Amino acid sequence: HDEEVGQQFSASSLSVRLAMPQQLQPKPDIDDELGFGKLFTDHMLKIYYHKSLGGWQKPEITPLENLVMHPAAKVLHYAVELFEGMKAYRGVDGKIRIFRPDMNMHRMNLAAKRSGLPTFEGEEFIKCLCRLLSIDSEWVPHTEAASLYIRPTLIGIDPTLGVAASDSALLYTILSPVGSYFKSDSTGAVSLLADPSYTRAWPGGAGNRKMGSNYAPTINVQKEASRKGLQQVLWLYGDDHQLTEVGTMNIFMLFVNEKGEKELRTPPLNGLILPGITRDSILALARQWGQFKVTEDIFTMPDIKHLLNEGRLLELFGTGTACVVSPINRISYLGEDLYIPTMEQEKPIHETIRETLMDIQYGKVEHPWAVTI
Ligand code: PMP
């Protein structure tokens, strides 16, 4: 019981209002192009917070419906908003699993704190979410090529214009069947625009939290990349042009270090990096494998150019829930085209990582990270 937040909600008081048969949406066909986040399931989860009523209210599952809010609602003015991205996977045994949901809850509560929004008990939320998933379970695609994307969202809805903590909030979740997130070329690799005149995150900022306000300013840069025929943005930071993230993914590099050892490196959680759950999982797996050195350290565009010149850069890839792993084959940087040999390796690490994570997610191997609903 957090003094400031007041009462917490409990999954045991969850109420369910089912959609009427005529409200049910047709489910997509197995070979429909799902795209990302275009279709939604029949139900949603809602939990209101009202300070004046003592804190969190009873959770409810309702048909998917529009939200009604006052035009002064803080979310509409100061982007008092944060979200998560998770997935439900239908395993080879027909069971539905989610992946390390405790990590999403932890990250969501860190963002809530940063936004002056009320925190909540992640475990109770997961129980409510599992109920929502079981009600809409037929929406979890029956194929390994797709999954059901889960979007928990927390918004400040206080109908007052002051830039201050919101005394009312709504924690809700919608579900969307999805295929693959990124457009890639025929090899499956993506090309990147690396323009040091744009910055995604900075020390003391909130780039390490999954807040909507971090994403709006990236859209125009992504459009510029697309205009140049490039698929994603490589976010650089600082005078030394540090690589931080790619699109909405963390970044990893496999290279041969000065000592001639293979090393897998990703930038450290220094405040500029979203603490990705895929990132954390890859670090844990790679350290367990012990086949190469694993480091969390800064690397820069001059490092990339130097490694390329010496033939020591092996793989570069983005990682995230949406795509698991997204190999990178080209970077457009200060008028130069840098070709990255990610797809030319004989037994690429990024493939092994993708297979290992998907085997866990789709229940081909038993693993404590996969939670059956
Ligand atoms: N970086 C950013 C900026 C993101 O939005 C995401 C997606 N949540 C990630 C990295 C990857 O995080 P995760 O592995 O938890 O999906």
Side-chain angles (χ1 to χ4, degrees), residues 36-37 79 81-89 97-112 114-115 122 126 129 147-154 173 176 178 180-182 190 192-194 198-202 205-219 221-222 225 231-237 242-253 264 266-286 296 316-328 350 353-354 356-358 360-361 369-371:
F36 184 84
E81 192 269 2
L82 57 102
F83 63 99
E84 269 304 325
M86 315 162 65
K87 277 178 170 177
Y89 309 88
R97 290 176 179 79
I98 50 181
F99 186 72
R100 306 188 75 185
D102 52 318
M103 298 271 297
N104 295 92
M105 293 302 104
H106 177 63
R107 189 166 69 183
M108 203 172 182
N109 272 309
L110 290 175
R114 189 68 165 88
S115 314
I126 294 299
L129 173 63
S147 55
L148 187 67
Y149 187 78
I150 305 169
R151 171 52 62 86
T153 309
L154 177 57
T173 300
S176 171
V178 295
S180 60
Y181 187 80
F182 296 110
V190 295
L192 310 179
L193 170 66
Y198 300 109
T199 306
R200 193 198 79 90
W202 44 89
N208 58 347
R209 299 289 172 255
K210 213 162 159 61
M211 291 160 36
S213 52
N214 286 328
Y215 294 82
T218 68
I219 293 169
V221 189
Q222 173 62 41
Q231 284 141 344
Q232 290 288 318
V233 177
L234 175 57
W235 296 101
L236 303 179
Y237 174 76
Q242 299 167 25
L243 286 79
T244 61
E245 304 211 49
V246 42
T248 57
M249 295 182 283
N250 293 118
I251 192 164
F252 279 82
M253 158 173 91
L264 181 68
T266 193
L269 300 180
N270 56 6
L272 306 180
I273 308 292
L274 202 279
I277 290 150
T278 319
R279 173 190 181 280
D280 185 84
S281 307
I282 292 170
L283 287 173
L285 287 173
E296 291 170 76
L316 201 60
F317 51 94
T319 71
T321 298
C323 63
V324 189
V325 166
S326 182
I328 295 158
H350 71 269
I353 289 171
R354 187 210 310 274
T356 308
L357 285 174
M358 287 185 68
I360 295 171
Q361 291 162 342
W369 285 345
V371 178

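One-based numbering, in listed order, for ligands and for the atoms of each. Computed from a prediction, not measured in an experiment: that's the story for all the values here.
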Exercise. For R107, take its heavy atoms, then give the atoms of ligand 1 lying under 4.0 Å from any of them.
Key: 8 (N), 12 (O), 13 (P), 15 (O)
Exercise. Measure the spacing between CD1 of I251 and CG of L234 and express it to the nearest 0.5 Å.
Key: 5.0 Å
Exercise. Ignoring hydrogens and angles, tell me if any N or O in the side chain of R200 forms a donor-acceptor pair with the backbone of G207 under 3.5 Å.
Key: yes
Self-check item: Closest to atom 16 (O) of ligand 1 among N104, T321, V324, T248 (heavy-atom distance)
Solution: T321
Quiz item: Got an N/O contact under 3.5 Å between T319 and ligand 1?
Solution: no
Quiz item: Looking at G276, which atoms of ligand 1 are within less than 4.0 Å of one of its heavy atoms?
Solution: 12 (O), 13 (P), 14 (O), 15 (O)
Quiz item: With a cut-off of 4.0 Å, which atoms of ligand 1 are near a heavy atom of N250?
Solution: 10 (C), 11 (C)
Exercise. Please report which non-hydrogen protein atom sits nearest to atom 5 (O) of ligand 1, along with the residue it belongs to and the distance in Å to one decimal place.
Key: Y215 OH, 2.6 Å
Quiz item: Considering all heavy atoms of both residues, which atom of E245 and which atom of L272 are nearest to each other, and what is their separation?
Solution: OE2-O, 3.8 Å
Practice problem: Have a look at ligand 1 and work out which part of R200, if any, has a heavy atom under 4.0 Å from it: side chain, backbone, both or neither. | Solution: side chain
Quiz item: Considering only protein heavy atoms, which is closest to atom 1 (N) of ligand 1, and at what distance to one decimal place?
Solution: E245 OE1, 2.4 Å
Quiz prompt | M108 side, atom CE; T153 side, atom OG1 - distance, nearest 0.5 Å | solution = 6.0 Å
Quiz item: What do you reckon, are the aromatic ring centroids of Y149 and F36 less than 6.0 Å apart?
Solution: yes
Quiz prompt | Closest to atom 7 (C) of ligand 1 (judged by heavy-atom distance), picking from K210, M249, R279 | solution = K210
Quiz item: Heavy atoms, side chains only, cut-off 4.5 Å: are L285 and W369 in contact?
Solution: yes
Exercise. Would you check whether I277 has a nitrogen or oxygen atom less than 3.5 angstrom from a nitrogen or oxygen atom of ligand 1?
Key: yes
Self-check item: Side-chain H-bond candidate by donor/acceptor type, S281 with R100, under 3.5 Å
Solution: yes
Quiz item: Got the closest protein heavy atom to atom 14 (O) of ligand 1, with its distance?
Solution: T278 OG1, 2.6 Å
Quiz item: Where the side chain of N250 meets the backbone of G320, is there a donor-acceptor pair that is under 3.5 Å apart?
Solution: no
